[in-house]
Asker: 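Dropping the structure in here first, questions after.
Hydrogens, waters and symmetry mates play no part in the numbers below; they use all other heavy atoms, side chains included. Heads up: numbering here begins at 1 and tracks the sequence.
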Amino acid sequence: MTPTPNGRTPDPSGTPALAVQGLSKRFGSGDDAVTAVDDVSFAIERGSVVGLLGPNGAGKTTLIKSILGTVIPDEGTVRVLGRDATDGRRAAYANVDAMLEGARNDYWRLTVRENLRYFATIGGIAPDSVADRHDRLLDRLDLADRADTPVRELSRGMKQKVSLASVLAGGAELVFLDEPTLGLDVEGSRTLRREIRRLAEEEDLTVVVSSHDMRVIEDVCDRVIVMSEGSIVADDAVERLLGTVDEYRVRVASDDLTPATVDDLRGRFDVADADSGADPPSLEVVTDGDAVYDLFDALRAAGVTLDRVETVEPTLEDVFVRLTGDRGATEPTPSAAGREPGGATNRPAAAVGDEGGAQ
Ligand SMILES: Nc1ncnc2c1ncn2[C@@H]1O[C@H](COP(=O)(O)OP(=O)(O)OP(=O)(O)O)[C@@H](O)[C@H]1O
């Protein structure tokens, strides 16, 4: 079997990278008890990128922390890279790493490269043996010219990329990335998405991504697990989930779409979106095959000459809203968004204590 570029030999046994069975976690007791995760089971094959989605409070963080061993579940089992996580934590988590809430404990006084070497060392790897890999990683994440700069001197977006590079520096086989693109500009987000896909495809890395940004999930994930109120409500390939939306939408644009005309149409059609400030103003209508003729008849009767007509493909966000009834999906929680890197301990339980956090 051919080793991957980082020297790992792909596992021929087909053992999943992660297998969660019957996992439940409750907080509190009596009337105040909250079941954060309720009998959740799934398995993730190696080399895949899986998105974990859910509205605020759905149980995603509790699930990830239970898998990583930083929260002790009430019921259920977790097998990580073929090992029972409760049965010898250090061995089970040796090849697992995490970047939670968009950050990890990089050492801000150390340079970018020194951080990578440090995290390789605590991952049990001699840093000189992976120096080429680190160079490649820095290059791909557009950090090469900052390799010898202390992390504290970098912009927030660059720190974010250093966080990801540090997670990947030790040669982990399974990584958890929570809001990996938080705070990145468009280019930074694109670079990071491209690198996640490359690592999965070329290096057999298994990635679990949690994000409120549906474009990130749609872009990088092979499969999506959607949680709502502690349970899994969908678990399927992105393409198949998109195929479950049987709505047909059209967007029309015209200077004749006055607010009065739009109001009139709202009473007769399922208007998903109206943008009177656009040039020209536009309107998006949910319709089935026949109603689209009624819509065009109504527009003609209202004296609207169309500048543009287009069909609108369903997005993952449409699927998400249908499954969970949540329209706030694209907004991260304020606490997660506002948290500064270096504040939380983000590595699996077995590794806690190996590092001291940002300095
Ligand atoms: N330590 C805790 N003590 C009590 N309740 C908790 C605790 N942690 C989480 N919960 C509750 O468990 C439920 C699930 O929370 P969790 O943070 O896992 O959701 P989430 O899907 O990660 O949400 P978000 O997208 O807002 O981060 C919520 O009702 C939350 O209030």
Asker: Between L242 and V233, is there a shared hydrophobic cluster once you connect ILVMFWY residues whose side-chain heavy atoms come closer than 4.5 Å?
Answerer: yes
Asker: Can you give each donor-acceptor pair under 3.5 Å made by side-chain atoms of residues 30-41, sequence neighbours left out, with the distance rounded to 0.1 Å?
Answerer:
| unit_1 | atom_1 | unit_2 | atom_2 | d |
| --- | --- | --- | --- | --- |
| S41 | OG | Q21 | NE2 | 3.4 |
| S41 | OG | G22 | N | 2.8 |

Asker: In this structure, are over 12 heavy atoms from other groups packed under 6.0 Å from R223 atom CZ?
Answerer: yes
Asker: Looking at E203 and R133, is there a salt bridge between them, counting it only when a charged N and a carboxylate O are closer than 4.0 Å?
Answerer: yes
Asker: Could you check whether R26 pairs with E75 (Lys NZ or Arg NE/NH1/NH2 to Asp/Glu carboxylate O, under 4.0 Å)?
Answerer: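 Salt bridge: yes.
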Asker: Whether E195 and R198 form a salt bridge (side-chain N of Lys/Arg under 4.0 Å from carboxylate O of Asp/Glu) is what I want to check.
Answerer: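 Counted as a salt bridge, because a side-chain N and a carboxylate O are separated by less than 4.0 Å.
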Asker: Q160 side chain to P180 main-chain N or O, any donor-acceptor pair under 3.5 Å?
Answerer: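 At least one qualifying donor-acceptor pair exists.
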Asker: For D213 and I217: C-alpha separation, side-chain torsions, deciding distance, then whether side-chain contact (heavy atoms from CB on, under 4.5 Å) applies.
Answerer: CA-CA 7 Å; D213 186 339; I217 300 290; over 6 Å; no
Asker: Quick one: does any side-chain atom of R46 pair with a main-chain N or O of T15 as donor and acceptor, under 3.5 Å?
Answerer: yes
Asker: Check this for me: does any side-chain nitrogen of one of D128 and R117 sit under 4.0 Å from a carboxylate oxygen of the other?
Answerer: yes
Asker: What's the verdict on salt bridge (Lys or Arg N to Asp or Glu O under 4.0 Å) for D219 and R194, showing C-alpha distance, side-chain angles and the deciding distance?
Answerer: CA-CA 9 Å; D219 232 29; R194 195 182 55 221; over 6 Å; no
Asker: Name every donor-acceptor pair, under 3.5 Å, that has one atom in a side chain of residues 252-265 and the other anywhere in the protein, sequence neighbours excluded.
Answerer:
| unit_1 | atom_1 | unit_2 | atom_2 | d |
| --- | --- | --- | --- | --- |
| S254 | OG | D256 | N | 2.9 |
| S254 | OG | T305 | O | 2.6 |
| D256 | OD2 | T305 | N | 2.8 |
| T258 | OG1 | T261 | N | 3.2 |
| T258 | OG1 | T261 | OG1 | 2.8 |
| D264 | OD2 | R268 | NH1 | 3.2 |

Asker: Parallel, tilted or perpendicular: which one describes the rings of Y107 and Y118, with boundaries at 30° and 60°?
Answerer: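 Geometry flag for Y118 against Y107: perpendicular rings.
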Asker: Is it the case that R193 and S189 place a side-chain donor and acceptor less than 3.5 Å from each other?
Answerer: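 Looking only at side-chain atoms, S189 and R193 do form a donor-acceptor pair, the distance falling under 3.5 Å.
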Asker: Please determine which of D135, V162, L143 meets the side chain to side chain contact (heavy atoms under 4.5 Å, CB included) test together with R113.
Answerer: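 Output: one option passes, namely D135.
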Asker: Is atom CD of E229 surrounded by more than 12 heavy atoms (other residues, nucleotides or ligands) closer than 6.0 Å?
Answerer: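 It does not: E229 CD has 12 such atoms or fewer within range.
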Asker: Decide whether L316 and V312 are clustered together by the hydrophobic rule: side chain heavy atoms of Ile, Leu, Val, Met, Phe, Trp, Tyr closer than 4.5 Å, transitively.
Answerer: no
Asker: Could you tell me whether the side chain of L52 reaches within less than 4.5 Å of the side chain of V209, counting heavy atoms only?
Answerer: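 No, side chains not in contact.
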Asker: Does any part of the side chain of F320, heavy atoms only, come nearer than 4.5 Å to the side chain of V224, both counted from C-beta?
Answerer: no
Asker: Could you go through E218 and R215, starting from their C-alpha distance and side-chain angles, then the distance that decides it, and tell me whether this counts as salt bridge (Lys or Arg N to Asp or Glu O under 4.0 Å)?
Answerer: CA-CA 5 Å; E218 218 172 315; R215 285 160 310 176; over 6 Å; no
Asker: Give a yes or no on whether E284 atom CD has more than 12 heavy-atom contacts from other residues, nucleotides or ligands under 6.0 Å away.
Answerer: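 Enclosed.
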Asker: Do V71 and V78 belong together in a cluster built from hydrophobic side chains that touch within less than 4.5 Å?
Answerer: no
Asker: May I ask you to decide whether R249 forms a salt bridge with D318, counting only side-chain N to carboxylate O separations under 4.0 Å?
Answerer: yes
